[in-house]
2 protein chains.
Amino acid sequence: MSTSKRASAYTQAYEYIREQILNGEIEGKTKLVEDRFAKALGVSRTPVREALRKLEEEGLVRDKRVVQPTESDLRDMFRVRMLLEGDAARLAANYMDPSTLAILKGCIDSSKNGNYEETMTSNKQFHDVIVEASNNTFMIETINRMQSIIYLFRKTVVYHNRPGLIEEHEDIYQAILNREPDRAEALMKDHLQADLDFFLHISRNR
Amino acid sequence: MSTSKRASAYTQAYEYIREQILNGEIEGKTKLVEDRFAKALGVSRTPVREALRKLEEEGLVRDKRVVQPTESDLRDMFRVRMLLEGDAARLAANYMDPSTLAILKGCIDSSKNGNYEETMTSNKQFHDVIVEASNNTFMIETINRMQSIIYLFRKTVVYHNRPGLIEEHEDIYQAILNREPDRAEALMKDHLQADLDFFLHISRNR
DNA sequence: ATGATTATTTTTGTATACAATTTTAAAAAT
DNA sequence: ATTTTTAAAATTGTATACAAAAATAATCAT
């Protein structure tokens, strides 16, 4: 986080605003005013402007507001995730090397034993490891983009971990370990479908 | 193209530069200098700057240069395309309505009968119609992003249409028309794989 | 009071300025 | 002639200024 040489005004602005958005510190309704951030950071509007454009392209901002993903957005994103992460799971079952497999196992363990924050991080990491093992830049980028938008949604939904989630991760891991591509893919898809259903269920009564 | 009220400087710059890139009018080596475009368009650097950032996020520009997709990039993009467009073809076989089916048929016809330019456009449109019929915003966006990068590649490769391409489109259309989701998906995947192979083959001896 | 109209303030889009950085060219040293 | 060093030029990142547009508040008419 803290680098020796001070980050550029643009980077500062980008990270500052992004953080605020992902932490849910900005209401979906409130307008993202350039000058407000500029003053808060002690920089000019120019770099703030660029940061906002970037966040807009990233899908976190639209029309100068924090994006509020709809149910339909969620469904769309999860359909794409199921296709891509399903394939990533398949690739993992075919090719993942032992050291990465060990890392994957580690995610499950620390998800089981850790505190709330650790559990959340490990669960996310479980997916990240599988996706990155695909070695497919575009796949990784695409999924990451959606992840942050989904995360946005999660924050608003007050995420308590879904029952069964860890067991599903374990099953996926086993399928990968046993070199069962079809099964790994199917389990990953089911897992994501269950996740989506959970999201939709919760978002209903809030 | 020509709107009544003059487009913003930013939009002008964005479209101008994007056009130049996609038409291959800018060498991959040459640096994209803000001031050059600013002067060419009679605007200041500010909007040009934003346009360049946008194009960068879009994947057409990196490090102030026009992106030159590598073979590995192509493979990665096509793998994602196969997954997503395969699914789109499946959805089309399940749900596409008669009027859209007619449009799809039209793409094939005008691809057969038209001149070079028309053929190229219709072939692209064939895919676009199927993808858009998915009604999945994120899927459409993701594919579009990759399409323009692939197009970039194609330009440099001097695209003459691949033998068999139209027949494959016809087969896909038939599978969709006959409501055969599995077949439609499989054919679409094969079609894209053949496309990729063709690209890689041509790019080899140039 | 409610809605329309006008005035005021805020915010944005773009231009311009300038120091810091990067690139390129020139000069010097090996 | 190639490499290193130094100087010059080009380019970028950021700040500031200001007119145009948008949002908000105030006034008036119904």
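The shown structure was predicted, so the numbers you read here are calculated from the model rather than taken from an experiment. Note on naming: letters A, B, ... go to the chains in the order of the sequence lines (proteins, then strands), and numbering restarts at 1 for each one.
Note: CG (A/Asp63) to C1' (D/dA22) measures 14 Å, nearest angstrom. Rounded to whole Å, the distance from NZ on A/Lys64 to P on C/dT11 is 12 Å. The distance from atom CZ of B/Arg65 to atom P of D/dT12 is 10 Å, rounded to the nearest whole Å. Rounding to whole angstrom units, OH of residue A/Tyr14 and P of D/dG13 are separated by 17 Å. Spacing between atom CG of A/Leu41 and atom C1' of D/dA15 amounts to 15 Å, rounded to whole angstrom units. Regarding A/Glu50, its CD atom lies at a distance of 10 Å from the C1' atom of D/dT12, rounded to whole Å. The distance between atom CD of A/Glu34 and atom C1' of D/dA22, rounded to the nearest whole Å, is 13 Å. Atom CZ of A/Arg45 and atom C1' of D/dT16 are 10 Å apart (whole Å).
Under 4.0 Å is where a charged nitrogen must lie from a carboxylate oxygen, and between B/Glu168 and B/Arg162 at least one such pair does.
With B/Tyr95 as the aromatic partner, B/Arg179 does not meet the cation-pi criteria of under 6.0 angstrom to the ring centre and within 45 degrees of the ring axis. Judged by the 6.0 Å and 45° rule, A/Arg53 forms a cation-pi pair with B/Tyr10.
Contact check, B/Ser44 against C/dA15: a side-chain N or O comes under 4.0 Å of OP1 or OP2.
Nearest-nucleotide positions on DNA chain D place B/Asp35 closer to the 5' end than the other of B/Asp35 and B/Thr46. Taking the nucleotide of DNA chain D with the nearest heavy atom to each of A/Lys31 and A/Thr11, the more 5' of the two is matched to A/Thr11.
Here B/Leu32 lies in heavy-atom contact (under 4.0 Å) with sugar-phosphate atoms only.
The aromatic rings of A/His169 and A/Phe126 sit parallel to each other, their planes meeting at less than 30°, with 60° as the upper class boundary.
The side chain of B/Val43 approaches C/dA15 more closely than any other nucleotide in the set C/dG13, C/dA15, D/dT12. Ranking C/dT14, C/dG13, C/dC18 by closeness to the B/Pro47 side chain, first place goes to C/dT14.
B/Ser8 and B/Thr11 are linked by a side-chain donor-acceptor pair at a separation below 3.5 angstrom, with hydrogens and angles left out of the test.
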